[in-house]
Student: 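Dropping a structure here in structure tokens format, bear with me for questions.
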Amino acid sequence: MIQFPNAKINLGLQLVEKRPDGFHNLVSCFYPVPWTDALEILPAQAESTFTLSGLPVPGAPTGNLCWKAYELLKKDFDLPNIQMHLHKVIPMGAGLGGGSADAAFTLKTLNQVFKLSLTIEKLEDYARQLGSDCAFFVQNKPVLAVEKGDVFEPLKLDLAGWHLLLVYPNLAISTAEAYAAVSPCFPKNSLKTLLAQDMAAWKETVVNDFEKSLFPQYPVLPQIKAQLYGMGAVYASMSGSGSTMYGLFQTPPAAPLPFPAEYSVWQGVL
């Protein structure tokens, strides 16, 4: 079975407070976008294998979240040996949740292929053991994410028809690095209220709190944001803890796009 784990963007990200367990409570809208990896899982006669292609993935294959997802389910179910292959397209360290999506789609695919009859709630429970935002990709629909980004509230937000431009400047920012410099605080206005406004108001109100600490360290990021607005974006922001910048446009941005060839750029319609 072949699946296509997709990325997500963050529409606003409020860092509320540091938790006793060392994590941070946050509020953010997670919105799925159709930039995808490819994942194939087949039963195997011999020993289980996991192979990779596409973008280079650091570390041993057995440390990959896809493999960890398989091992997690194997603890509770008599799973057979498998052949698993991941073709990596979504950049890593990009704030797009690609690795989390791969893990969640592994859980969902194993559930389908081997008829484990796991409910959505149980799949989300397994996904939370693999990473804070993994559970989002089980249902894979817009939500308001709270606490560690693993608890979800329904959110009526539909960006269908909007044109999205994603720009990854070939700059990986680790989650640990991003969180090291932040100063969390309780927001004056709820993100849910701000997102209910017309998108034209978002430029001044819907903020990713990571931008405040990361933009001075990486000047290319505010430069890209300014370029996106200069191209006509109604709203532009950094996704997650970076470093992907994105713009939302009413019509497709005009070619040629003003970004270096070494950048990873994706555009499409939501």
Side-chain angles (χ1 to χ4, degrees), residues 5-33 65-66 68-69 72-73 75-76 90 93-111 116 118-159 173-176 178-180 182-197 202 205-211 237-242 244 246 270:
N6 59 275
K8 60 89 180 143
I9 56 172
N10 295 75
L11 299 168
L13 199 160
Q14 298 172 334
L15 293 164
V16 178
E17 61 181 345
K18 191 166 184 178
R19 300 160 52 102
D21 60 8
F23 289 91
H24 286 75
N25 283 331
L26 58 84
V27 181
S28 182
C29 169
F30 291 173
Y31 202 98
V33 300
L65 283 175
C66 293
K68 290 183 176 181
L72 183 63
L73 285 185
K75 290 178 181 178
D76 295 338
I90 303 169
L96 297 171
S100 297
D102 296 336
F105 273 72
T106 299
L107 294 173
K108 293 195 291 185
T109 305
L110 291 169
N111 186 44
L116 305 182
L118 292 170
T119 64
I120 287 174
E121 291 75 17
K122 192 61 179 175
L123 283 168
E124 289 180 344
D125 287 343
Y126 279 114
R128 288 185 181 96
Q129 298 178 54
L130 297 168
S132 293
D133 60 355
C134 287
F136 163 72
F137 293 98
V138 173
Q139 297 194 60
N140 212 16
K141 61 184 181 181
V143 296
L144 194 71
V146 298
E147 298 190 17
K148 294 189 298 182
D150 61 349
V151 176
F152 311 122
E153 298 178 9
L155 186 66
K156 290 184 178 179
L157 181 64
D158 185 4
L159 300 182
I173 299 176
S174 72
T175 303
Y179 275 98
V182 299
S183 300
C185 63
F186 285 91
K188 294 180 181 179
N189 299 296
S190 76
L191 182 58
K192 193 171 185 178
T193 299
L194 298 175
L195 289 173
Q197 299 174 338
W202 291 6
T205 60
V206 178
V207 177
N208 181 333
D209 285 347
F210 280 112
E211 292 184 4
S237 178
M238 185 170 71
S239 186
S241 55
T244 299
Y246 68 86
L270 294 174

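Bear in mind that the values here come from a model prediction, so they are computed numbers and not experimental data. In what follows, every heavy atom counts, from backbone to side chain, and hydrogens, waters and symmetry copies are set aside.
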Student: Do you know the tightest heavy-atom contact between N10 and Y246?
Tutor: O-OH, 2.7 Å
Student: Let me confirm one number: the OG-CG distance from S241 to L96, rounded to the nearest 0.5 Å.
Tutor: 10.0 Å
Student: Heavy atoms, side chains only, cut-off 4.5 Å: are V206 and L191 in contact?
Tutor: yes
Student: Is it the case that the side chain of T244 and the backbone of G95 share a donor-acceptor pair, with hydrogens and angles ignored and the cut-off at 3.5 Å?
Tutor: no
Student: So, using side-chain contact (heavy atoms from CB on, under 4.5 Å) as the criterion, who are the partners of K148 when residues are at least two apart?
Tutor: R19, D21, F23, S132, D150
Student: What residue pairs, at least two apart or across chains, pass ring-ring contact (aromatic ring centres under 6.0 Å, His included) with a residue in residues 132-158?
Tutor: F30-F136
Student: Where do C29 and L195 come nearest, in terms of heavy atoms and distance?
Tutor: CB-CD1, 3.6 Å
Student: I'd like to know if the side chain of E211 and the backbone of M238 have a donor-acceptor N/O pair within less than 3.5 Å.
Tutor: yes
Student: Measuring from L73:CG to L118:CG, what's the distance to the nearest 0.5 Å?
Tutor: 6.5 Å
Student: Show me the pairs that pass salt bridge (Lys or Arg N to Asp or Glu O under 4.0 Å) and involve residues 130-146, at least two apart or across chains.
Tutor: none
Student: Quick one: does N208's side chain have a donor or acceptor within less than 3.5 Å of a partner on G240's backbone?
Tutor: yes
Student: So, for F186 and E17, which heavy atoms are closest and what is the spacing to 0.1 Å?
Tutor: CZ-OE1, 3.6 Å
Student: Please report the shortest heavy-atom distance between H24 and Y179, naming the atom on each side.
Tutor: ND1-CD2, 3.3 Å
Student: Test side-chain contact (heavy atoms from CB on, under 4.5 Å) on D209 and V182; report intermediate values, then the result.
Tutor: CA-CA 8 Å; D209 285 347; V182 299; over 6 Å; no
Student: List the residues meeting side-chain contact (heavy atoms from CB on, under 4.5 Å) with L159, not counting sequence neighbours, and say none if there are none.
Tutor: L11, Y31, L157, W162, M199, W202, L248, L270
Student: Report the residues that fulfil salt bridge (Lys or Arg N to Asp or Glu O under 4.0 Å) with R128, sequence neighbours left out, ordered by chain and then residue number.
Tutor: E124, D125
Student: Using 0.5 Å steps for rounding, measure from the OG1 atom of T205 to the NZ atom of K188.
Tutor: 13.5 Å
Student: How long is the gap from CD on Q197 to CG on N189, to the nearest 0.5 Å?
Tutor: 8.0 Å
Student: Mind listing the closest non-hydrogen atom pair of K192 and L155 along with its distance?
Tutor: CG-CD1, 3.9 Å
Student: What is the distance from atom CG of L72 to atom CG of L107, rounded to the nearest 0.5 Å?
Tutor: 6.5 Å
Student: I'd like to check N140 versus F105 (side-chain heavy atoms, cut-off strictly below 4.5 Å). Are they in contact?
Tutor: yes
Student: Between NZ of K8 and OG of S239, what distance do you get to the nearest 0.5 Å?
Tutor: 4.5 Å
Student: Any pair with a residue in residues 97-110 that passes salt bridge (Lys or Arg N to Asp or Glu O under 4.0 Å), sequence neighbours left out, goes on the list, sorted by first then second residue, please.
Tutor: K88-D102
Student: Quick check: closest heavy atoms across I90 and P5, and the distance to 0.1 Å?
Tutor: CD1-O, 3.7 Å
Student: Kindly determine whether V33 and N6 satisfy side-chain contact (heavy atoms from CB on, under 4.5 Å), including the steps that lead there.
Tutor: CA-CA 6 Å; V33 300; N6 59 275; 5.8 Å; no
